[in-house]
Amino acid sequence: ATETRTNDNMSLPDSIIETSRPVRIDNFSNHYRMMSADSDFRFSEEFEELKHVGRDQPCTFADLPCNRPKNRFTNILPYDHSRFKLQPVDDEEGSDYINANYVPGYNSPREFLVTQGPLHSTRDDFWRMVWESNSRAIIMLTRCVEKGREKCDHYWPYDTMPVYYGDISVQILNESRYPDWNISEFMLCRGDQQRVTRHFHFTTWPDFGVPNPPHILIRFVRAFRERVSPDQKPIVVHCSAGVGRSGTFICLDRILQQILVSDYVDIFGIVYAMRKERVWMVQTEQQYICIHQCLLAVLEGKELKIKY
Ligand SMILES: CCc1ccc(NS(=O)(=O)O)cc1
């Protein structure tokens, strides 16, 4: 294979270069300066190269007439190859379908289950996915209503009374409220089995945008990681469409773990790998740049470890 020199003189076979762009951590500040010069010209160029990644893969089950109403957005459909399959119910067509895909994380190729904000009509399926995947943590990155528009169903109880969603009972055990997020523990019961599942709800991340200030996201990722160990998987992550804010969160979670053990960080490669599993992961250029800004803040020591 021919070789290609990366911008910090790393040589990689061409077969790799188009899927990963590792940057030396000790060169990251220079890299950021170069990419953001001339109104983020190189960031725009690089983000544009991710546009078609994964888009040639089929979404046949999402497109079945019986499943179409289960999709919040007609253009945000899960690829067949990485979709989560619910246990089928009798011979009910489409009963294994939910708009959700496995997405790789730092700790596992199927560390995250990324999904849309449940619809009122799909919230029972959502809880079945949480139960059947044995997930013990849910990351919610949207409010239920933003600017008067419904972004996500309020799929959990409003008070401490247990509520049934299908055959799964959910009860709030406790809730801790912080300025930009709430952390709760739910007791899930199905038949004679009981499980505690944590709910991490980021409440100030505008749709299509970034948190303000962006590096508040680092503190949320850390608040999550302090409570969920790397062997707990899958972790359910959702926003409204389950692509923009969800992809940004997962990418930041990966790089904050990677920089502890590696001399390189590959944000392009992480987004590339996520988009092979779910469409539009990290949806906007601003979100892509925000990930770089968060890493820069950490590397420059601005984001000290904050204990809550
Ligand atoms: C057009 C469909 C769409 C709606 C909302 C979002 N944003 S989100 O993935 O961050 O919830 C992404 C895509």
Side-chain angles (χ1 to χ4, degrees), residues 47-48 50-55 57 59 62-63 67-79 82-84 98-105 112-123 125-126 129 138-156 180-182 199-212 214 216-218 220-221 224 235-254 267 270-294:
F47 188 66
E48 186 67 18
L50 291 159
K51 190 173 182 180
H52 301 294
V53 174
R55 307 290 282 134
Q57 301 173 115
C59 306
D63 245 339
N67 290 332
R68 277 193 207 131
K70 302 173 186 175
N71 299 314
R72 181 175 285 277
F73 300 103
T74 55
N75 58 340
I76 308 290
L77 302 178
Y79 296 130
S82 55
R83 78 185 180 102
F84 181 80
I98 184 168
N99 188 312
N101 297 96
Y102 280 107
V103 169
F112 295 98
L113 256 183
V114 185
T115 189
Q116 64 184 21
L119 297 160
H120 191 73
S121 60
T122 64
R123 65 183 184 178
D125 297 336
F126 172 82
M129 176 175 75
I138 299 165
I139 311 281
M140 177 174 178
L141 301 168
T142 183
R143 284 196 304 278
C144 290
V145 178
E146 292 178 8
K147 295 180 183 170
R149 287 171 175 247
E150 196 220 69
K151 297 284 180 174
C152 180
D153 181 59
H154 195 288
Y155 57 82
W156 68 100
D180 296 281
W181 56 80
N182 305 323
H199 191 251
F200 298 83
H201 185 191
F202 195 100
T203 53
T204 60
W205 192 341
D207 202 354
F208 309 110
V210 294
N212 179 28
I216 201 149
L217 187 53
I218 299 167
F220 177 66
V221 171
F224 152 70
I235 295 154
V236 173
V237 181
H238 77 82
C239 33
S240 181
V243 296
R245 291 169 285 185
S246 296
T248 305
F249 171 88
I250 291 170
C251 189
L252 190 57
D253 178 63
R254 279 188 75 160
I267 295 170
I270 288 170
V271 178
Y272 191 103
M274 290 198 292
R275 286 192 172 200
K276 296 290 276 186
E277 310 307 317
R278 186 167 172 88
V279 66
W280 285 5
M281 293 294 278
V282 184
Q283 186 203 11
T284 69
E285 184 185 308
Q286 190 190 19
Q287 290 168 347
Y288 191 68
I289 294 171
C290 167
I291 295 163
H292 290 77
Q293 289 170 331
C294 288

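Residues take their numbers from the sequence shown, with the count starting at 1. Each ligand, and each atom within it, is numbered from 1 in the order the structure gives.
- Atom 11 (O) of ligand 1 has its nearest heavy-atom neighbour, among G247, C152, S240, G209, in S240.
- Closest to atom 9 (O) of ligand 1 among all protein heavy atoms lies G244 N, 2.8 Å.
- Close approach of ligand 1 to C239 is summarised as follows: ligand atoms under 4.0 Å from at least one heavy atom of the residue are 8 (S), 9 (O), 10 (O), 11 (O).
- At least one heavy atom of D207 sits less than 4.0 Å from an atom of ligand 1.
- Counting only distance, with no hydrogens or angles, the side chain of H154 and the backbone of W156 share a donor-acceptor pair below 3.5 Å.
- Atom numbering of ligand 1 starts at 1 in the shown order; those under 4.0 Å from a heavy atom of G242 are 9 (O).
- Side-chain contact check for R278 versus S82: every heavy-atom pair is 4.5 Å or farther apart.
- Considering both main-chain and side-chain atoms, V243 comes within under 3.5 Å of ligand 1 through a nitrogen or oxygen pair.
- Classified by interplanar angle (parallel below 30°, tilted 30° to 60°, perpendicular above 60°), the ring pair F126/H238 is perpendicular.
- Counting heavy atoms from C-beta on, the side chains of N99 and F73 never come closer than 4.5 Å.
- Looking only at heavy atoms of the protein, atom 3 (C) of ligand 1 is closest to A241 CB, 3.6 Å.
- At under 3.5 Å, a nitrogen or oxygen of R245, whether backbone or side chain, sits near a nitrogen or oxygen of ligand 1.
- The shortest side-chain heavy-atom distance between I235 and F224 falls under the 4.5 Å cut-off.
- In summary, K70 and D125 do not engage in a salt bridge, as defined by a charged side-chain N under 4.0 Å from a carboxylate O.
- For atom 1 (C) of ligand 1, the closest non-hydrogen atom on the protein side is N75 ND2, 4.0 Å.
- By the criterion of a heavy-atom distance under 4.0 Å, the side chain of Q283, and not its backbone, is placed next to ligand 1.
- In this structure, F249 has its ring center at least 6.0 angstrom away from the ring center of F202.
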